[in-house]
2 protein chains.
Amino acid sequence: MQLDTIDYAILNALQKDGRLANASLAEKVGLSASACSRRLDTLEKSGVIRGYYARVSNKQLGHNLTAIVNLSLSGQFTKTLNEFEAAVKRCPNIVVCYLMSGEYDYTLHVVAKDLADYERIHRDWLTALPHVVKINSSFALREVIDRPNVGIDADLARSV
Amino acid sequence: MQLDTIDYAILNALQKDGRLANASLAEKVGLSASACSRRLDTLEKSGVIRGYYARVSNKQLGHNLTAIVNLSLSGQFTKTLNEFEAAVKRCPNIVVCYLMSGEYDYTLHVVAKDLADYERIHRDWLTALPHVVKINSSFALREVIDRPNVGIDADLARSV
DNA sequence: AAAAATTGCGCAATGTCCTTGCAAATTTGG
DNA sequence: CCAAATTTGCAAGGACATTGCGCAATTTTT
């Protein structure tokens with residue numbers, strides 16, 4: 001889909017406030033409410049906007065621990081990867097999972113309440129993941145950045 | 001803040017659809033619209049809900065590359081860390097940064113359009129980060145999971 | 001144990017907002 | 001340079017969020 005400056009402005013605004021009312025959004029990007037509403041509709045239907053979500057405070061819910069787990073599988077066969085990934089998706093505490101190049105096959109981010117909770121997750125979920133032959137966990141001591149998306153401002157400045 | 005089952009249901013629904021209208025939300029959690037609106041207000045003001053965000057498709061914006069960069073600094077002095085983190089926050093392509101325990105001091109997630117773009121970011125930003133003595137990049141071949149938050153369903157089942 | 005106070009609910013009204021139809025204006029393509 | 005197609009703004013109608021108010025249930029106080 002072809003995006004112009006106004007589309008980028010809409011995306012930028014909604015990345016910062018996903019519940020911004022259409023009326024305010026329209027004013028911010030310099031459009032009438034109806035035109036803005038129609039553009040937004042297009043952006044959603046085309047899949048540029050994948051959805052909206054509320055960001056909940058992990059701290060307030062007692063989730064104070066993030067672990068980064070690197071691991072390798074016994075092989076790279078499709079079946080092996082599929083079975084592993086299916087298992088990973090079932091674990092609600094795994095919030096990020098990438099298939100990687102390099103030393104390890106996968107990188108996971110695991111969120112837990114505390115060390116005891118992590119021990120439970122490790123026991124009930126991580127050790128149950130199939131085909132894992134090597135595993136390496138580190139703990140996040142502090143979250144320095146956690147942006148929902150790559151900045152669009154910068155993107156704009158470069159590509160327009 | 002003390003949360004009950006209905007609060008968790010609200011959080012759960014809004015994590016999946018941050019733009020869910022209050023009327024629908026109320027129906028979903030079994031409350032009148034006014035009661036639901038007031039609860040939501042409380043959740044927002046107390047900081048349990050940190051905000052709402054549109055989820056933009058990196059693919060559709062041409063951001064097809066995610067790199068995970070592990071690196072260590074020349075020391076762990078506060079000043080060293082602060083200077084490093086300040087520099088990291090300035091780079092719009094760095095979307096995740098954790099201070100870590102273990103072999104490396106920091107883990108970054110860097111989003112780029114393609115390899116050439118990554119080369120630019122590496123040259124202009126990463127090599128300019130102060131106090132870095134060891135650096136190790138891997139590329140994500142595929143995104144298996146990217147949840148905005150830890151699942152609350154599971155949390156509920158355990159804690160209620 | 002009774003009364004008072006606090007908390008949370010639903011209902012109803014008011015004001016705001018989103019959406020759709022339509023005509024004008026702008027952009028695109030031949 | 002003109003015609004077709006897309007996009008815009010305006011206005012109306014319908015939906016929605018929010019606030020005050022009375023009521024019920026639970027908790028605290030006496």
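In what follows, chains carry the letters A, B, and so on, assigned in the order in which the sequence lines appear, proteins first and then strands, with residues in each chain numbered from 1. Side-chain atoms are counted along with the backbone in the values below, which use heavy atoms only and exclude waters and symmetry mates.
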Note to self: As a test of reading the structure: which of C/dG10, D/dT8, C/dT20 is closest to the side chain of B/Ala35, going by heavy atoms?
What the structure shows: C/dG10
Check: Starting at CD1 of A/Ile10 and ending at C1' of D/dT7, how long is that distance when rounded to a whole Å?
Finding: 13 Å
Checklist line | Among D/dT18, C/dC17, D/dC10, the one nearest A/Ala21 by side-chain distance | finding: C/dC17
Check: Is there a donor N/O on one and an acceptor N/O on the other, under 3.5 Å, for the side chain of A/Ser34 and the base of D/dC10?
Finding: yes
Next item on the list: Could you pick out which residue, A/Ser37 or B/Arg39, lies toward the 5' side of DNA chain C when each is mapped onto its nearest nucleotide?
Entry: B/Arg39
Next item on the list: Using atom CG of B/Asp41 as one end and atom C1' of D/dA17 as the other, report the distance to the nearest whole Å.
Entry: 11 Å
Next item on the list: Using whole Å, report how far CD1 of B/Ile6 lies from C1' of C/dG10.
Entry: 13 Å
Next item on the list: Taking only the side-chain heavy atoms of A/Arg38 (C-beta and beyond), determine which of C/dC17, D/dT8, D/dT18 contains the nearest atom.
Entry: D/dT8
Check: Parallel, tilted or perpendicular for A/Tyr106 and A/Phe84, by the 30°/60° rule?
Finding: tilted
Notebook entry, point to check: Among side-chain atoms of B/Asn136 and B/Tyr104, is any donor-acceptor pair under 3.5 angstrom?
Noted result: yes
Notebook entry, point to check: Between C/dG8, D/dG9, C/dG10, which nucleotide has the shortest distance from any of its atoms to the side chain of A/Ser32?
Noted result: D/dG9
Note to self: Rounded to whole Å, how long is the line connecting atom CG of B/Asp4 with atom P of C/dC9?
What the structure shows: 8 Å
Item checked: B/Tyr53 six-ring centre to A/Arg55 NZ/CZ under 6.0 Å and within 45° of normal -> yes
Margin query: Within the 3.5 Å criterion, strictly below it, is a donor on B/Asn22 or B/Ser37 matched to an acceptor on the partner's side chain?
Written below: no
Check: Please give, in whole Å, the distance from C/dT19 C1' to A/Glu44 CD?
Finding: 13 Å
Next item on the list: In whole angstrom, give the distance that lies between atom CG of A/Leu20 and atom C1' of C/dC17.
Entry: 13 Å
Margin query: Quick check for you: among D/dT7, C/dC18, D/dG9, whose closest atom lies nearest to any side-chain atom of A/Asn22?
Written below: C/dC18
Check: CZ of B/Arg19 versus P of D/dA15: gap in Å, rounded?
Finding: 20 Å
Check: Just wondering, more than 12 heavy atoms not from A/Glu27 lying within 6.0 Å of its CD?
Finding: no
Note to self: Rounding to an integer number of Å, can you tell me how far A/Leu40 CG sits from D/dT7 C1'?
What the structure shows: 16 Å
